[in-house]
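Here the structure comes first, spelled out in structure tokens, and everything after it is commentary.
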Amino acid sequence: MTEENSQPAETGKDFIREIVAQDLAADTHGGKVITRFPPEPNGYLHIGHAKSICLNFGLAEENKGSCHLRFDDTNPTRENDEYVKAIEADVRWLGFEWSDHKFFASNYFQRLFDYAINLIEQGKAFVCDQTADEFAAFRGTPTKAGTESPFRNRSIEENLSLFKKMRDGEFDDGAKTLRAKIDMASTNIHLRDPALYRIRKVTHHRTGDQWSIYPTYDFAHCLSDAIEGITHSICTLEFAVHRPLYDWVLENLPLPQPLPKQYEFGRLNLDYTIMSKRKLLQLVNEKAVWGWDDPRMPTLSGMRRRGVTPESIRSFCSTVGVTKHDALTEMALFDHCLRDDLNKRALRAMAVIRPIRVVITNLPENYSEDLEAINNPEDEQAGTRTVPFSREIYIEETDFMEEPPKKFFRLRPGGEVRLRYAYIMKCEQVVKNADGTIDHLECTIDPDSKRGGATASRKVKGTIHWVSKTQAINAEIRLFDRLFSVPEPDKDKSGKDFTAFINPDSFQSLPNCKLEPSLSKASPEQRYQFERTGYFCVDEKDSSPETLVFNRTIALRDSWSAKQAKQKK
RNA sequence: UGCCGGAUGGUGUAAUGGUAGCACAGCAGUUUCUGGAUCUGCUUGUCAUGGUUCGAAUCCAUGUCCGGUAGCCA
């Protein structure tokens, strides 16, 4: 990561960096900063996770500490190894490395079990026979204290024996739980004797059938942090009410000091998309998208496939900052970070997405010429390339209008336009098919108007891109738009499901695009700007040398069509 | 209704008792062989009411609004 990206200069630290700096100054943790990114392997990572990854790994990097990648795999019913693999790949792709600090909560199952025994022995945990419904009914309400479970005062010996039987699979799923004995009258519901262990006779993706009981998040997470010597345990706002329980568990067990401390920040919300793993999974399962890596998905794998760069995601995360209140960030901010990065790194090329054929009548039949084009005006190192020019070319359908509006600077009957890197061209004739559609255009060029030529400096308002017909390569180009048609699809006032707002026009395939020949050797990692159109990359899954498939990562800013749209309104 | 948080332009953020700043978006220009990029300028803000203070976005009080929280999910 470049330093400019990681911290905006001259602006204050966010509140978490402030705390870390204070802890360092006060030597609270012996000068160490150890954070962790703790995904549950039950889905793919999305841009919201990227915010957390950048925070946790960034904090470690900035303070010469370390950040652990820890899989929070305490609920085997919905976790699996495919997700573990995908999560690792995504974190690496984002540009972060955990070296040998890869952990699984499931690695601690035995120690967690021993800690549970310890609590029982202290009389601070008990085995409860209540059903889930009874559990809920006895919990009380925010205003009414709960009622103690009738099993709360079992003897330590009985608890010990029962808990071991739970482990040994002697009871059915849900028949019993291990609960902390805290305070059924607490104003914080999470302190009303919360469950620590539940029975789940399910095969775990790592421990197999070794366990029939699994620790809850509240028991496993804080202890995992303590076991790993985490100094700052950073999570999202909704866990703030769990913090007293986090502290209670740690303070009641013999653990190395100082204990880790939990801090909460506001998760990333982006308009026109959703950030819930459950809902993203629903889109995948209901085949509303092609999969987790659909280019329209806010997942890291989807964004990668669309051509988004990890650098742009990091700069975006740094731009949105870290605060304690929930915010809804505009996608436009992300778009800006994306374009900003792509503009610097993308190789320029010419591609015609919706072709019209043009015959240049004042050129001989087999005319062919090589022209020099700049690969990236933002980066001289990128050099130049050769683009073939000939008697027949393709231009963009949208670059020609028979009856253009005012200020249309492109081609019109009798009008002139500059062909990028080539000649000034005049439209002489529109040749139509029997049905009235345009078959092709007949044009002439000014032969002295090439760069350096006698008439090169003639003022022509518009410059358009083109591709030589004989050397053109065919490709499919896929255009993507936002997945949802409203800013907050999961917050509908009338109670409609988020799927009701899926944008039906979020995907469009153009199968007959014409590309300049240099694009034949494009690789999925290389980002391109198709001049005047947008940023594109080869689809990592569906493209092949025989049939190239490009994805549009994002369109170029387009002040012309923006103005047109406004005038229509 | 309890408890826990939070509130700075349209959006995201900074200012840690001393000139409310930055970025995005928007608007108007400049420039251009990409209607991209660049560059310039502009509009818009401290939730409310009191209090403390020479001075308050910042401290105090009260209120308002918003979010979280009542899985054997994380």
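Treat the numbers as computed from the prediction; the structure is a model and nothing was measured. By convention in this document, chain letters (A, B, ...) are assigned in the order of the sequence lines, proteins followed by strands, and residues within each chain are numbered from 1.
Across B/A14 and B/C22, the matching P atoms stand 15 Å from one another, rounded to whole Å. Nucleotides B/G17 and B/C42 have their C1' atoms positioned 32 Å apart, rounded to a whole Å. The separation of B/U8 from B/A57, taken at their P atoms, amounts to 15 Å, rounded to a whole angstrom. Using C1' as the reference atom, B/G21 and B/C60 are 27 Å apart when rounded to the nearest Å. Between the P atoms of B/G6 and B/A15, the separation comes to 15 Å (whole Å). When the C1' atom is compared between B/C66 and B/U30, the two are found 43 Å apart, to the nearest whole Å. For the P atom pair drawn from B/U49 and B/G45, the interatomic distance equals 15 Å after rounding to whole Å. For the P atoms, the distance from B/G41 to B/C24 is 14 Å, rounded to whole Å.
Residue contacts shown for A/Lys407 include a base, since a base heavy atom lies under 4.0 Å away. Among the protein residues, A/Ala422 comes within range of the nucleic acid bases, having at least one heavy atom under 4.0 Å from a base atom. Residue A/Leu328 is in sugar-phosphate contact alone, with no base atom involved, counting any heavy-atom pair closer than 4.0 Å across all strands shown. Using a 4.0 Å heavy-atom criterion, one finds that A/Arg192 contacts no nucleic acid atom at all. Note on A/Arg339: nothing from the nucleic acid sits closer than 4.0 angstrom, heavy atoms only. Looking at heavy-atom distances under 4.0 Å, A/Phe408 makes contact with a base.
Remark: C1' of B/U13 and CD of A/Glu330 are 13 Å apart, rounded to the nearest angstrom. B/A14 atom P lies 10 Å from atom CD of A/Glu18, rounded to whole Å. Spacing between atom CG of A/Leu347 and atom C1' of B/U34 amounts to 15 Å, rounded to whole angstrom units. Remark: C1' of B/G5 and NE2 of A/His325 are 12 Å apart, rounded to the nearest angstrom. In this structure, A/Glu516 places its CD atom 16 Å from P of B/U34, rounding to the nearest Å. When rounded to the nearest whole Å, the span between CG of A/Leu338 and P of B/A25 equals 13 Å. Rounded to an integer number of Å, the gap from A/Arg243 CZ to B/C3 C1' is 13 Å. Here B/U11 presents its P atom at 13 Å from CG of A/Leu333, a figure rounded to the nearest Å.
B/G71 is unpaired under the Watson-Crick or G-U wobble criterion, no partner having all donor-acceptor distances under 3.5 Å. Pairing for B/A61 is with B/U49, a Watson-Crick or G-U wobble pair whose two hydrogen-bonding atom distances lie under 3.5 Å. Summarising the base pairing, B/G36 is matched to no nucleotide, lacking a Watson-Crick or G-U wobble pair whose two defining distances lie under 3.5 Å. B/G17 makes up no base pair with any nucleotide shown, lacking Watson-Crick or G-U wobble contacts both under 3.5 Å. With a cut-off of 3.5 Å on both pairing distances, the Watson-Crick or G-U wobble partner of B/G26 is B/C42.
A cation-pi arrangement is present between A/Arg482 and A/Tyr272 under the rule of less than 6.0 angstrom and at most 45 degrees off the ring axis. Cation-pi check for A/Arg36 over A/Phe103 is not met; the charged atom does not lie both under 6.0 angstrom from the ring centroid and within 45 degrees of its normal.
Of the side-chain N and O atoms in A/His465, none sit less than 4.0 angstrom from OP1 or OP2 of B/G36. Between A/His336 and B/C24 there is a side-chain N or O to OP1 or OP2 distance below 4.0 Å. Between A/Thr463 and B/U32 there is no side-chain N or O to OP1 or OP2 distance below 4.0 Å. Residue A/Thr323 places at least one side-chain N or O closer than 4.0 Å to OP1 or OP2 of B/U13.
When the options A/Arg70, A/Gln262, A/Lys261 are evaluated for a side chain to side chain donor-acceptor pair (under 3.5 Å) with A/Asp225, the one that passes is A/Arg70.
When all heavy atoms are compared, the tightest approach of A/Glu79 to A/Asp72 is OE2-O, 3.6 Å.
Taking the six-membered ring for Trp and thresholds of 30 and 60 degrees, A/Phe113 and A/Trp211 have ring planes inclined between 30 and 60 degrees apart.
Using a 4.5 Å heavy-atom threshold, the side chains of A/His205 and A/Val84 count as touching. Within the 4.5 Å cutoff, no side-chain heavy atoms of A/Tyr115 are placed close to those of A/Leu196. Contact of the A/Ile120 side chain with the A/Phe163 side chain is registered, since non-hydrogen atoms from C-beta on lie closer than 4.5 Å.
Around the CZ atom of A/Arg267, the shell of radius 6.0 Å holds no more than 12 heavy atoms that belong to other residues, nucleotides or ligands.
When each of A/Arg418 and A/Arg557 is assigned the nucleotide of RNA chain B bearing its nearest heavy atom, the one mapping closer to the 5' terminus is A/Arg418. Each of A/Lys459 and A/Leu556 was assigned the nucleotide of RNA chain B with the nearest heavy atom; the assignment lying further toward the 5' end belongs to A/Lys459.
Taking every side-chain heavy atom of A/Arg532 into account, B/U34 is the closest of B/G2, B/U34, B/G36. The side chain of A/Ala332 has B/C24 as its nearest neighbour among B/G6, B/C24, B/A37. In this structure, of B/U34, B/A14, B/U1, it is B/A14 that holds the atom nearest to the side chain of A/Asp14.
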Please report the C-alpha distance between A/His204 and A/Phe104 in whole Å, then the side-chain angles of each, then the deciding distance to 0.1 Å, and finally whether the side chain to side chain contact (heavy atoms under 4.5 Å, CB included) criterion is met.
CA-CA 12 Å; A/His204 187 280; A/Phe104 291 85; over 6 Å; no
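A donor and an acceptor atom never sit less than 3.5 Å apart when one is taken from the side chain of A/Glu264 and the other from the base of B/G5.
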Nucleotide by nucleotide, nucleotides 64-74 of chain B touches protein heavy atoms under 4.0 Å in the pattern (B base, S sugar-phosphate only, - none) ---SBSBSBBB
